[in-house]
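Scroll down for the structure; my scribbles are underneath it.
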There are 2 protein chains.
Amino acid sequence: MSGKFQPDTLAEAQDRFIAVWGQMGGAWGITRTMAEVHALLYVTGEPLCTDDVMDRLQISRGNASTSLRALLDWGVVSRTHKRGDRKEYFAAEQDVWTMFRSIVRERIKREVDPLLASMHEIRELTDPARRAAGLAVDERARVEAHNQRLDQLLEFLTTVERLGHRFVSPAGRGLQAAATLLASKAAG
Amino acid sequence: MSGKFQPDTLAEAQDRFIAVWGQMGGAWGITRTMAEVHALLYVTGEPLCTDDVMDRLQISRGNASTSLRALLDWGVVSRTHKRGDRKEYFAAEQDVWTMFRSIVRERIKREVDPLLASMHEIRELTDPARRAAGLAVDERARVEAHNQRLDQLLEFLTTVERLGHRFVSPAGRGLQAAATLLASKAAG
DNA sequence: CATTTATTTCAGAATCTTCTGAAACATTTT
DNA sequence: AAAATGTTTCAGAAGATTCTGAAATAAATG
């Protein structure tokens, strides 16, 4: 016993943060391990090499390599090197808003944009100019209601996509400020 | 052949929408089937019973029941009845913004709030007033850097949580308008 | 250019998630 | 209160995802 101070309190806090962050990753469609690796790099604050990650998280080399690569692709982690050391080191982006901006950018690119493209294709299937000729009136009404539903969704998704782009763009600092303000207690 | 008009163009458009919406569900942490059931109810626009869902999506009764129940819990689908019919029918919320508001409300409640609670707990582990006494200076510096990182994240998550609440609240129509405006081409 | 060191890849294993189908439960009708 | 109809639950099966570990590849060193 060494009095009030536990020498590994910091390590414990890190571990718990890693666990919680990993859990969250799972709920939002990225793998738990990938989120854990990110959490480790973020909470550590300094560059770690593959072996550091393997040892701390108790995962295989393959898994560590794959997760680090994925984090690089997302743009939330970058490579570094140490003088006189052949290994690669990895460091997480330390600014939370910048990190979040990267995540938004990638998710729009990977999920929203393809979804919008598909939705436009689907919408064209029932484009009245090309398809409605010769329909019975009730069928025509059904197609029109369908089109209204798709259009509503398309408009919504387009708004989301535009907001996202604006947030992500260099000028998007403004949106960050707006968000902070809108979320403040003052803005009633 | 019946000329230009394909009698099942509507059904094809619905099926493709269901597929695309289901796929998206997977990427955002809800099950594909649940998203498909929701897509079916949304795109159909009228109440369907369990058997309708089973037949159209080719899934088991258990799966249909569970998915519908989950959608009810999320608040994006509601129960209905038909006169002279003992079955329950299910209809999706038809307003996209209302639907999205429900999703945001639930995700904050289920994922952001618990995350914030855990983060506060973790932050307290390294609360300087209680823990820093008697640390070597370098260790103390490390703990302080750690605390700054957690605080940054906590502040960010709190902003997200507040924005979400404001969006979801009855007064949140204002935020919807703001979002639409900010995403418009006009707002340069 | 052979050796050492570091990184990536990927087939199969382990694990986790989702689905089925039948039994249990609930409700309404006769 | 028995029968008929509709709904939920859940154990095990099916399926999908993630992980391991060793082989292949790449890069640096002497």
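No experiment lies behind these values; they were computed from the predicted model shown. Throughout, a chain's letter reflects where its sequence line sits, starting with A, and its residues are numbered from 1.
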Report task. Look at B:Glu36 together with B:Arg32 and state whether they make a salt bridge at an N to O cut-off of under 4.0 Å. Result -> yes
Report task. Report yes or no: is the cationic atom of A:Arg107 (NZ for Lys, CZ for Arg) closer than 6.0 Å to the six-membered ring centre of A:Trp74, at no more than 45° off its axis? Result -> no
**Report entry** d(CG, A:Asp73; P, C:dT8) in whole Å
**Finding:** 11 Å
Query - Six-ring centre of A:Phe167, A:Arg101 cation under 6.0 angstrom, axis tolerance 45° - result: yes
Query raised in the report: Could you walk me through whether B:Asp127 and B:Arg123 pass the salt bridge (charged side-chain N to carboxylate O under 4.0 Å, His left out) check?
Result: CA-CA 7 Å; B:Asp127 188 340; B:Arg123 178 60 180 80; 5.1 Å; no
Requested in this report: Using atom CG of A:Asp51 as one end and atom C1' of C:dT7 as the other, report the distance to the nearest whole Å.
Outcome: 11 Å
Query raised in the report: Roughly, in whole Å, what's the span from CD in B:Gln58 to P in C:dT20?
Result: 10 Å
Query raised in the report: Counting only heavy atoms not in B:Arg110, do more than 12 sit closer than 6.0 Å to its CZ atom?
Result: yes
Report task. Go through B:Asp51 and B:Lys87 one step at a time and tell me if the salt bridge (charged side-chain N to carboxylate O under 4.0 Å, His left out) criterion holds. Result -> CA-CA 10 Å; B:Asp51 291 83; B:Lys87 283 199 287 291; 5.6 Å; no
Report task. For the side chain of B:Thr33, starting at C-beta, report the closest nucleotide among C:dT7, C:dC19, D:dT7. Result -> C:dC19
Query raised in the report: Starting at CZ of B:Arg69 and ending at P of C:dA26, how long is that distance when rounded to a whole Å?
Result: 13 Å
Requested in this report: Name the closest nucleotide to the A:Ile59 side chain, picking from D:dT7, D:dT20, C:dT7.
Outcome: D:dT20
**Report entry** Nearest listed nucleotide, side chain of A:Thr31, among C:dT7, D:dT18, C:dC19
**Finding:** D:dT18
Query raised in the report: Which nucleotides of nucleotides 21-30 of chain D have their base under 4.0 Å from a protein heavy atom (B), which only their sugar-phosphate (S), and which neither (-), written as one string 5' to 3'?
Result: B-----BBS-
Requested in this report: Send over the distance from B:Arg79 CZ to C:dA26 C1', rounded to a whole Å.
Outcome: 12 Å
Query raised in the report: What class does the angle between the rings of A:Phe156 and B:Trp97 fall in, given that below 30° is parallel, 30 to 60° is tilted and above 60° is perpendicular?
Result: perpendicular
Query raised in the report: C:dT27 C1' sits how many Å from B:Asp85 CG, rounded?
Result: 14 Å
Report summary line: B:Lys82 NZ to D:dG6 P, in whole Å, measures 13 Å
Query - From C:dC19, D:dT9, C:dT20, nucleotide with atom closest to B:Ser65 side chain - result: D:dT9
Query raised in the report: Taking atom P of C:dT17 as reference, at what distance in whole Å does atom CZ of A:Arg32 sit?
Result: 9 Å
